[in-house]
Structures are given as C-alpha cells and as structure tokens.
Amino acid sequence: MLMCTMMLYSLRNALTMSQYTVVDIGEEDLTTLYPLVWVTSPGVSLGQWLDYARAISERGGILGLFGPDGTPFGFLAYRQETTLRHGPVLRIDTIATLELTGAGAGRHVLHEAAEAIARERACASLELRLQSRGYMDDQSAKARTWTILGYRADGAVFVKSVAPFDGSHAAESLVHREPQTIS
C-alpha cells in the first residue's frame, strides 16, 4: 500500500515539478528506490535489487533523483568499465525516471550528473544500455544470426563521447542534496 500511495503522490506532483535533487545513494537508502525498480522491472524482487545495488557499488554507484519534498522520481546505476572500442567508459546499466511530460527534465539532470562523474573518472565515453523494446528488431537478418543460437535481443547500447576533465566540471557540483532548478 505504501508503494502505491507514494507512486500516486509522485504522479500528482510530477506535473508541477521544477526542482530535482540528485543524491549519491548509500546502502542505507536503497529500499527508498525499490518502488521505482518495481514499476520499471516488475519481476525484480527487493532482494535482487539489493544484491545488484551492492555489486554495482564495487565499481560504480547509484544516483537517486528526488523532488523538493524528498519523493523519489528516478535513479541511475553506473559502473566504470574499459571497452575495446571506447576505452574507459562510464556504463549506465539502469536508468528510470517517473515523468509525465515528454520533456525529460529528470532524465536530463541524471544524465548531467553521470557525465560529470565520467569526466571526473577520466572516462572517454558514456555507455547507456536500455531495454531493446522499441530500439531493436529480433527478427532482422542480423539479429537472426544470434537468435538461432538461442540469444534474444535484451538491450540496445548508446554511446556518447565525453569532453575531457579540465577541473571545471566537478561531479560534486551535480551530485548533492541541494535542489536544482530546471528551466
């Protein structure tokens, strides 16, 4: 019941949202984000979420997106990796935002924070993995070369180059507990 109440409250307030706070989530705050995990991935249990979040924190972290009243509106899970094609990358494994408008203000704020972290960690790129729904066709000729082996398209990967760190884009300026006004 608490989860449904929180989500309905968030839906009512999302239309007038003008400020978000991006917070680096510690283990003690992981359950706060679980309602968003449940909405975006209904088959994931609280235990699975906590295990995943603890594992990802070894090479990355989780950013939470909160409204002015502390209501969670999104999160982003990231980890640093090295890839053959792009070198050091900040891989965004999971991103979810609860927004009723197509403007994506919360998504933009989370992305800016991830980009600042990538610069601070000297990553050359951001890598964003999304569910394949709407991005890929399992029935394409190229996909069939893998689906006949038992694979299925589970995600699409988008890559963005990141400007080198020059000291002027510190992650601390975006990941904090103070609200940011969205224009």
Side-chain angles (χ1 to χ4, degrees), residues 1-7 9-10 20-67 69-84 86-99 106-133 135 151-160 162 165 169-180:
M1 182 63 180
L2 174 63
M3 181 171 17
C4 293
T5 303
M6 183 169 59
M7 297 310 286
Y9 176 74
S10 297
Y20 287 108
T21 303
V22 177
V23 178
D24 197 3
I25 299 295
E27 189 168 342
E28 66 280 358
D29 296 321
L30 291 173
T31 56
T32 304
L33 297 177
Y34 181 67
L36 291 169
V37 173
W38 184 82
V39 167
T40 58
S41 302
V44 175
S45 70
L46 176 59
Q48 287 173 300
W49 162 243
L50 295 175
D51 290 345
Y52 166 77
R54 288 180 191 119
I56 204 150
S57 68
E58 292 174 13
R59 288 185 298 195
I62 297 177
L63 300 178
L65 179 71
F66 295 88
D69 62 352
T71 301
F73 279 88
F75 71 94
L76 177 148
Y78 66 91
R79 59 192 160 115
Q80 189 168 347
E81 300 286 337
T82 300
T83 66
L84 180 61
H86 304 289
V89 300
L90 192 73
R91 180 171 287 163
I92 300 170
D93 281 333
T94 309
I95 184 168
T97 57
L98 178 63
E99 300 178 274
R107 187 175 60 242
H108 288 281
V109 171
L110 280 172
H111 175 77
E112 288 174 16
E115 196 167 319
I117 291 169
R119 279 192 197 96
E120 185 178 77
R121 291 179 172 219
C123 293
S125 303
L126 283 171
E127 227 182 55
L128 173 64
R129 180 184 170 104
L130 299 173
Q131 293 178 352
S132 64
R133 203 174 42 232
Y135 295 106
Y151 291 91
R152 64 180 172 77
D154 182 57
V157 177
F158 295 86
V159 178
K160 177 184 180 183
V162 176
F165 179 74
H169 299 91
E172 296 84 32
S173 67
L174 290 171
V175 182
H176 51 70
R177 294 194 179 269
E178 297 300 318
Q180 283 191 310

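If you're wondering where the values come from, they're calculated on a predicted model, not measured in any experiment.
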Q | Candidate pair F66 and L33, rule side chain to side chain contact (heavy atoms under 4.5 Å, CB included), full reasoning | A | CA-CA 10 Å; F66 295 88; L33 297 177; 4.1 Å; yes
Q) With a 4.5 Å heavy-atom cut-off, do F73 and T71 have their side chains touching? A) yes
Q) Quick one: OG on S57 to CD1 on I25, what's the gap to the nearest 0.5 Å? A) 12.5 Å
Q | Those residues that, when tested against E27, pass side chain to side chain donor-acceptor pair (under 3.5 Å) (two or more places apart) | A | R54
Q. Do D29 and V23 have side-chain heavy atoms sitting under 4.5 Å apart?
A. no
Q | Which residues share a side chain to side chain contact (heavy atoms under 4.5 Å, CB included) with T97, sequence neighbours left out | A | L65, E99, R107, L110
Q.
As a test of understanding, state which of D51, L30, T31, V37 forms a side chain to side chain contact (heavy atoms under 4.5 Å, CB included) with L46.
A. T31
**Q.** For S45, side chain to side chain donor-acceptor pair (under 3.5 Å) partners two or more places apart
**A.** Q48
**Q.** Side-chain heavy-atom pair I95, Y78 within 4.5 angstrom cut-off
**A.** no
Q: Go through the structure and list residues passing side chain to side chain contact (heavy atoms under 4.5 Å, CB included) with A77, not counting sequence neighbours.
A: Y52, I56, I62, T94
Q: Would you check, one step at a time, whether the test side chain to side chain contact (heavy atoms under 4.5 Å, CB included) holds for L128 with H111?
A: CA-CA 10 Å; L128 173 64; H111 175 77; over 6 Å; no
Q. Between the main-chain N or O of H86 and the side-chain N or O of T83, is there a donor-acceptor pair closer than 3.5 Å?
A. yes
Q. So which pairs with a foot in residues 35-47 pass salt bridge (charged side-chain N to carboxylate O under 4.0 Å, His left out), sequence neighbours left out?
A. none
**Q.** With E115 via salt bridge (Lys or Arg N to Asp or Glu O under 4.0 Å) - residues at least two apart
**A.** R119, K160
Q. Is there side-chain contact between L90 and C123, with at least one heavy-atom pair below 4.5 Å?
A. yes
**Q.** Within-4.5 Å side-chain heavy-atom neighbours: L63 and I117
**A.** yes
Q. How far apart are the C-alpha atoms of Q80 and R91, what are their side-chain angles, what is the distance that settles it, and do they pass the side chain to side chain contact (heavy atoms under 4.5 Å, CB included) test?
A. CA-CA 6 Å; Q80 189 168 347; R91 180 171 287 163; over 6 Å; no
**Q.** R121 side chain reached by P88 side chain, heavy atoms, under 4.5 Å
**A.** no
Q: Grab the two heavy atoms, one from A114 and one from L126, that are nearest each other, plus how far apart they are.
A: O-CD2, 3.9 Å
